[in-house]
Novice: 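Quick one: the structure is below, questions incoming.
Start at 1 and go down the list; that is how both ligands and their atoms are numbered. Keep in mind that this is a model prediction, so the values were computed, not measured. For this chain, numbers begin at 1 and follow the sequence in order.
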Amino acid sequence: MTKRIILLTLLSCSILGWTQVSKPASTVTVIKAGTLIDGVSSTVRRNAVITIRGNVIASVDDASAAKIPSDATVIDLSRATVLPGLIDAHTHIFLQGEDPAEGGYDIQLLKYPLAFRAARATVSARRALEQGFTTIRDMETEGAGYGDVGIKMAIERGYIPGPRMFVTTRAISTTGGYALDGYAPEIQVPKGAQIIDGPIEARKAAREQLDHGADWIKVYMTHRSWTGKNGELISQPTLTVEELRAIVDEAHGWGRKVACHAYGGEGMQRALDGGCDSIEHGLMLSDAQIAQMIRQGTWLCPTLYIYYTGWAPADTPEGQRDRKRASEHEISFRKALKAGVKIAFGTDIGGLPWTDPIAEEFPTMVELGMTPMQAIQSATSRAAELLDQSGRLGVIAPGAYADVVAVDGDPLADIKILESVSFVMKDGKVYKAALAEKR
Ligand SMILES: [Zn+2]
C-alpha cells in the first residue's frame with residue numbers, strides 16, 4: 001500500500017511536469033525577426049520585433065520603434081525568416097505510408113492493435129510539430145475509431161507534444177465505398193470508414209461523430225478510380241445527394257463543416273450539389289464545377305504531391321490510372337487557381353510516410369502555378385480561414401496565438417527551404433530552437 005502511494009505521487013509529479021501547456025499571461029517573450037512573412041500581407045517586413053505575452057502575440061513593431069521590456073526573454077531570429085506556424089489541412093496521423101512491402105493499408109486494420117497505432121500516431125503528431133506545422137486538420141483515423149480525439153486531448157493537456165488538431169474521427173462512406181476491399185464475401189472485414197446507406201443512417205453517423213468530438217465531418221464521395229476505354233479517368237461515386245445533404249445539414253446545425261473526398265465526375269457533382277464545404281483532392285474539376293465552387297464558396301484542398309509518388313509500372317492498368325490522376329490533377333489545379341477558387345494547403349501525409357518532409361507539397365504547388373507567397377498563405381492565413389480561425393491562427397499579428405516558426409534563408413526565393421524549419425514555437429512555448437540565439 002505504501003509503495004503504491006509513493007508510486008502514485010511520483011507519477012502525478014511527472015504528469016504535472018508535463019502539463020505546463022501555455023505560459024501564464026504575465027511572461028513576456030520578444031522575437032527579433034530579420035525578415036517577417038506575416039501570413040496575410042503580400043510583402044515581407046524587415047527587422048520586426050514580435051512581443052508575446054503568455055501564449056498570444058501582443059504587438060508587432062519595427063525594431064527601431066520597439067520597446068523591449070526588461071524582464072522579457074529575447075529570442076534572436078534576426079538572421080532568419082520568421083513565419084506563422086504552418087497549417088496542414090489534410091493529414092492522417094493514424095496512417096504510416098501504406099508501404100505494400102509492409103502490408104499496405106490492410107495490415108493497419110487487420111493486424112495492428114489500436115494501442116500500437118495510437119503510439120505511432122503520437123510520433124506522427126510530434127513529427128508535424130517539429131517540422132513547423134503547428135496546426136493540422138486530421139482527415140480521419142482509418143479504422144482507429146475516435147483515436148484522433150484522444151491524441152488531441154493528450155496534446156491539449158500537455159502530455160505529448162503535437163500540433164493543434166482539428167479532427168474528423170471515423171469518416172463516412174457507403175457499402176462498396178471504402179476499404180478494406182477485395183476479401184471473400186463470406187468474411188467480415190473491418191472498414192476504414194463508418195458505412196451508411198440512406199439519409200437516416202447518414203444523419204445518425206454524423207450525429208454520433210459530432211457527439212464524440214468531431215470538429216469536421218469527412219465524407220468519401222468517390223472511391224475506386226480507373227481509366228475508361230478512351231483513357232479517361234473514371235471515379236466510382238458513393239453517397240447520393242440526399243445522403244450527403246443529411247450529413248451537411250446536421251454538421252452545419254452544430255456549427256461544423258463537411259470535407260468531401262472527391263476525385264471528379266458524378267461523385268464530385270453530388271459533393272457540390274450536397275453543399276460540402278471543402279473538396280479534398282479534386283483531381284478532375286470541370287469548368288462548371290469550378291464556377292459552382294466559386295459561387296458556393298467551396299474550398300479546394302488539392303494534396304498535389306502525393307499523386308506524383310508511388311506510381312505502378314506504366315504498362316499496367318494501375319500505372320496508367322496513376323499517371324492519368326496526376327495529369328488531370330495538374331489541369332484542374334491550374335484552372336481552379338486561375339479562376340480564384342479558395343485553396344488550402346494539404347498533403348495527405350500518412351498516405352505518405354511520416355518520415356517524408358511535409359513541406360514537399362510547397363514546391364509542387366509552385367511548379368503548378370502558385371507564387372511562393374500564395375503557397376505560404378495557403379498554409380497560413382488561407383488554411384486558418386478554412387478552419388474558421390482567421391486572426392487567431394496562420395498570422396503574425398496582435399491577438400493571434402503565438403505559433404511562430406523560422407527558417408534559415410528566403411523561402412520566397414527557394415520554397416524548398418520550408419522543408420528545414422529550424423525554430424518552432426506553439427502557443428508561446430518553444431519546441432525547437434536550432435536557429436534561435438536566446439539571451
Ligand atoms: Zn486523405
Novice: At a threshold of 2.8 Å, where the distance has to be below it, does the Zn ion (ligand 1) have an N, O or S atom of H90 nearby?
Specialist: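 Of the N, O and S atoms in H90, at least one lies under 2.8 Å from the Zn ion (ligand 1), which means yes.
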Novice: Ring centres under 6.0 Å, that's the criterion: do H329 and H281 meet it?
Specialist: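 No, they do not, as the ring centres are separated by 6.0 Å or more.
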Novice: Measuring to the Zn ion (ligand 1), does E280 have an N/O/S atom at a distance below 2.8 Å?
Specialist: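 Of the N, O and S atoms in E280, none lies under 2.8 Å from the Zn ion (ligand 1), which means no.
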Novice: Does the pair K335/D287 count as a salt bridge with the N-to-O cut at 4.0 Å?
Specialist: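 Salt bridge present between K335 and D287.
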Novice: Give the intermediate values and the outcome of side-chain contact (heavy atoms from CB on, under 4.5 Å) for residues Q292 and Q269.
Specialist: CA-CA 10 Å; Q292 190 173 358; Q269 194 54 48; 3.0 Å; yes
Novice: Taking the N/O/S atoms of H92 one by one, which is nearest to the Zn ion (ligand 1)?
Specialist: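 Answer by atom name: NE2.
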Novice: Between F345 and F133 (judged by ring centroids, cut-off 6.0 Å), do the two rings come close enough to count as a pair?
Specialist: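 Ring centres of F133 and F345 closer than 6.0 Å.
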Novice: Using only N, O or S atoms, tell me which atom of D348 is closest to the Zn ion (ligand 1).
Specialist: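 Sorting the N, O and S atoms of D348 by distance to the Zn ion (ligand 1) puts OD1 first.
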